Amino acid sequence: MVKYGLDYTRCRWILPLLLGIGVIFGIIALAGRGWLESQTFPYVNQASLWESCTRPDQGGQWTCDSLMNYAWGRAAAATYLVGFLLLVICFALAIIAFAIPTLRFNFIRGIGGLLFVAAVFSIMGLVIYPVKFTSEMRLRGTNMFSWAYGFGWTTAIMEICLGFFFCCLPNYEDQILGNVKPTYFYSSP
């Protein structure tokens, strides 16, 4: 990306594209029912960020209990949702920042700072959920935090990494815009 500059059309949209992928992963984490699942037989537990479902035996009906009835459930959902909304705002700002012909590098650094704030909120929700869920909910058998919970952590890790990229990008402003003369390692006779 630095070699061709951000005017090179394929490289210009890499960071907003990665933010878009983070938004998709966040949607999967918010909507997924696989935050917690039974790992071994009988498969009687299943939970999302919003509810916990159990059934008496393998073929029985699922009975769901809303996690919004618990203060920790509301706190986990709210903090993860705030982190996700900040990620969506960063995605919109990145599209705007990279769409204008002249890049505003301070604007890009602000997006990086906002991504770090989003990561803090996401991680708070991702830590509150398993700690309080395992201590306050009655679970049978062996359970595991599953694929949707993993998508939540992937979103948080992407927020941290992209925050570094957005914050460090203005340090290479001259190289990106092509204002630096090439350095040659040989001398003319």
Side-chain angles (χ1 to χ4, degrees), residues 13-94 111-168:
W13 294 101
I14 288 176
L15 292 176
L17 175 69
L18 289 173
L19 276 174
I21 292 170
V23 168
I24 291 169
F25 286 174
I27 291 170
I28 292 170
L30 285 169
R33 291 185 54 93
W35 278 57
L36 180 123
E37 294 178 339
S38 295
Q39 185 176 3
T40 57
F41 189 80
Y43 302 106
V44 293
N45 294 319
Q46 183 180 30
S48 69
L49 181 60
W50 312 103
E51 64 184 3
S52 173
C53 299
T54 57
R55 59 183 175 183
D57 56 7
Q58 181 64 26
Q61 279 291 17
W62 288 101
T63 305
C64 296
D65 181 29
S66 175
L67 295 179
M68 298 302 111
N69 295 331
Y70 301 93
W72 62 266
R74 290 189 301 272
T79 54
Y80 190 79
L81 196 58
V82 166
F84 175 74
L85 290 175
L86 289 174
L87 178 65
V88 171
I89 290 169
C90 288
F91 176 64
L93 291 175
I111 294 171
L114 197 57
L115 280 169
F116 285 123
V117 174
V120 168
F121 276 104
S122 296
I123 291 171
M124 284 189 331
L126 290 167
V127 169
I128 292 170
Y129 183 85
V131 168
K132 297 306 280 182
F133 193 96
T134 55
S135 67
E136 295 199 14
M137 302 298 283
R138 189 173 354 148
L139 300 172
R140 288 188 358 205
T142 305
N143 298 285
M144 66 178 173
F145 290 97
S146 191
W147 58 272
Y149 185 69
F151 273 107
W153 273 108
T154 304
T155 303
I157 291 168
M158 287 182 76
E159 288 168 346
I160 293 169
C161 294
L162 288 169
F164 278 115
F165 277 121
F166 274 95
C167 284
C168 293

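Fair warning: this is a prediction, and the values are worked out from it, not measured in the lab.
Without hydrogens or angle criteria, Arg74 side chain to Met68 main chain gives a donor-acceptor distance under 3.5 Å. Using modelled atom types, no side-chain atom of Trp50 and backbone atom of Gly73 make a donor-acceptor pair closer than 3.5 Å.
For the pair Trp147/Ile28, a side-chain contact is recorded, criterion being any heavy-atom separation below 4.5 Å from C-beta on.
Going from atom CZ of Phe133 over to atom CH2 of Trp35 covers 11.0 Å, rounded to the nearest 0.5 Å. Atom-to-atom distance recorded for Leu87:CG and Ile27:CD1 is 9.5 Å, nearest 0.5 angstrom. Atom CG of residue Leu85 and atom CD1 of residue Ile89 lie 6.5 Å apart, to the nearest 0.5 angstrom. Separating the CG atom in Leu30 from the CZ atom in Phe25 is a distance of 14.0 Å, to the nearest 0.5 Å. Note that CG of Asn45 is 10.0 Å distant from CZ of Arg55, once rounded to the nearest 0.5 Å. The distance from atom CD of Glu37 to atom CE of Met144, rounded to the nearest 0.5 Å, is 5.5 Å.
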Please assess Cys90 against Glu159 for the test side chain to side chain contact (heavy atoms under 4.5 Å, CB included), listing each intermediate value before the final yes or no.
CA-CA 10 Å; Cys90 288; Glu159 288 168 346; over 6 Å; no
Does the pair Leu115 and Leu19 meet the rule for a side chain to side chain contact (heavy atoms under 4.5 Å, CB included), with working shown?
CA-CA 10 Å; Leu115 280 169; Leu19 276 174; 3.7 Å; yes
Given Glu136 and Trp72, is the side chain to side chain contact (heavy atoms under 4.5 Å, CB included) satisfied, shown in steps?
CA-CA 10 Å; Glu136 295 199 14; Trp72 62 266; 3.1 Å; yes
So Phe145 and Leu126, side chain to side chain contact (heavy atoms under 4.5 Å, CB included) or not? Walk me through it.
CA-CA 11 Å; Phe145 290 97; Leu126 290 167; over 6 Å; no
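Across all their heavy atoms, Gly152 and Ala29 have their closest contact at N-CB, 3.6 Å. Of all heavy-atom pairs between Pro130 and Val127, the closest is CD-O, 3.3 Å. When all heavy atoms of Leu67 and Met137 are compared, the closest pair comes out as CD2-CE, 4.0 Å. Of all non-hydrogen atoms in Pro16 and Phe91, the two that sit nearest each other are O-CE1, 3.2 Å. Smallest separation of non-hydrogen atoms from Ile160 and Ala119: CG1-CB, 3.6 Å. The two residues Ala75 and Ile128 have their closest heavy-atom pair at CB-CD1, 4.4 Å.
Pairs of residues two or more places apart, or lying in two chains, never qualify as side chain to side chain donor-acceptor pair (under 3.5 Å) while including a residue from residues 83-94. A side chain to side chain donor-acceptor pair (under 3.5 Å) check over residues 19-28, counting only residues at least two apart or in different chains, returns nothing.
Judged by distance alone, the side chains of Trp62 and Gln46 never bring a donor and an acceptor atom under 3.5 Å apart.
For an aromatic pair to be called close, the ring centres must be under 6.0 Å apart, and Phe84 with Phe121 fails this.
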